[in-house]
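Report on one structure; see the data block that follows.
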Amino acid sequence: MAKVLNLNLWKFVPQFETISDGASKENNLDKRLNTMVEEWKDLNFTILDYKDSGTYILSGIDDVQLLLDDHILKTATMKSSPYVKPFENKCLMQWIR
């Protein structure tokens, strides 16, 4: 504590608080993005034969559609955050894969 006082770092407390606040918000965005990615990893699609035509259709996609709608909304919210800059490419790359 003596070093902090001797260096007069107390003068910079407002700047430290701003940096800390920004870092915390960036960390929260990163955690939310990672959670969304994890939710897609174990998702399985059911494919059914359509009337013996050799064509297949997806079945039971209600849960997939709900998850997709939820993540689109979350991503749009993240995109509007001023703290998303470090993760913009990560967000884009996760949806392209």
Side-chain angles (χ1 to χ4, degrees):
M1 186 65 161
K3 285 184 180 181
V4 171
L5 294 175
N6 288 337
L7 293 172
N8 293 319
L9 294 179
W10 57 271
K11 295 178 185 178
F12 303 102
V13 168
Q15 288 94 339
F16 294 150
E17 288 174 345
T18 302
I19 293 167
S20 177
D21 184 50
S24 294
K25 289 178 180 178
E26 286 177 9
N27 185 47
N28 288 337
L29 286 173
D30 191 37
K31 285 181 181 178
R32 287 192 301 187
L33 178 60
N34 290 334
T35 299
M36 289 191 313
V37 169
E38 289 299 316
E39 288 176 345
W40 285 98
K41 283 187 177 178
D42 295 326
L43 190 65
N44 294 309
F45 293 91
T46 304
I47 300 172
L48 301 175
D49 189 21
Y50 181 71
K51 298 182 182 180
D52 297 323
S53 65
T55 302
Y56 297 93
I57 59 172
L58 291 174
S59 174
I61 60 169
D62 293 339
D63 291 339
V64 174
Q65 187 65 50
L66 287 173
L67 183 62
L68 180 61
D69 291 343
D70 181 49
H71 285 190
I72 288 171
L73 181 61
K74 286 179 181 177
T75 303
T77 302
M78 284 181 179
K79 187 178 175 185
S80 67
S81 171
Y83 301 99
V84 77
K85 286 290 183 196
F87 311 106
E88 278 182 327
N89 289 337
K90 186 177 179 181
C91 287
L92 179 60
M93 294 310 296
Q94 292 303 327
W95 292 112
I96 291 175
R97 288 185 192 177

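Values below: all heavy atoms of this structure, side chains included; hydrogens, waters and symmetry mates excluded.
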Strictly distance-based, threshold 3.5 Å: is any side-chain N or O of Ser81 a donor or acceptor partner for the main-chain N or O of Thr77?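 Side chain of Ser81 to backbone of Thr77, a donor-acceptor pair under 3.5 Å: no, none is there.
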
| message | I want to check something: taking the side chain as every heavy atom from C-beta on, are Lys74 and Arg32 in contact at a cut-off of under 4.5 Å? | response |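 Contact flag for Lys74/Arg32 side chains = no.
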
Where [X] and [Y] come nearest, the two heavy atoms and their spacing:
X     : Y     : result
Met78 : Val84 : O-CB, 3.3 Å
Leu43 : Glu39 : CB-O, 4.3 Å
Tyr83 : Glu26 : O-CG, 3.4 Å

To the nearest 0.5 angstrom, please state how far the [atom1] atom of [X] sits from the [atom2] atom of [Y].
X     : Y     : atom1 : atom2 : result
Gln65 : Ile72 : CD    : CD1   : 7.5 Å
Thr55 : Asp49 : OG1   : CG    : 8.0 Å
Leu67 : Asp62 : CG    : CG    : 12.5 Å
Leu68 : Thr75 : CG    : OG1   : 9.0 Å
Lys79 : Leu29 : NZ    : CG    : 14.5 Å
Thr35 : Asp30 : OG1   : CG    : 9.5 Å

In terms of hydrophobic clusters joined by side-chain contacts under 4.5 Å, are [X] and [Y] together?
X     : Y     : answer
Leu7  : Phe12 : yes
Tyr56 : Leu58 : yes
Tyr50 : Ile61 : no
Val64 : Ile47 : yes

Cut-off 3.5 Å, side chains only: do Glu38 and Asn34 have a donor facing an acceptor?
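No pair is found: no donor N or O on one side chain lies under 3.5 Å from an acceptor on the other.
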
Got a sec: does the CZ of Phe16 have more than 12 other heavy atoms crowding it under 6.0 Å?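 Counting other residues, nucleotides and ligands, CZ of Phe16 exceeds 12 neighbours.
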
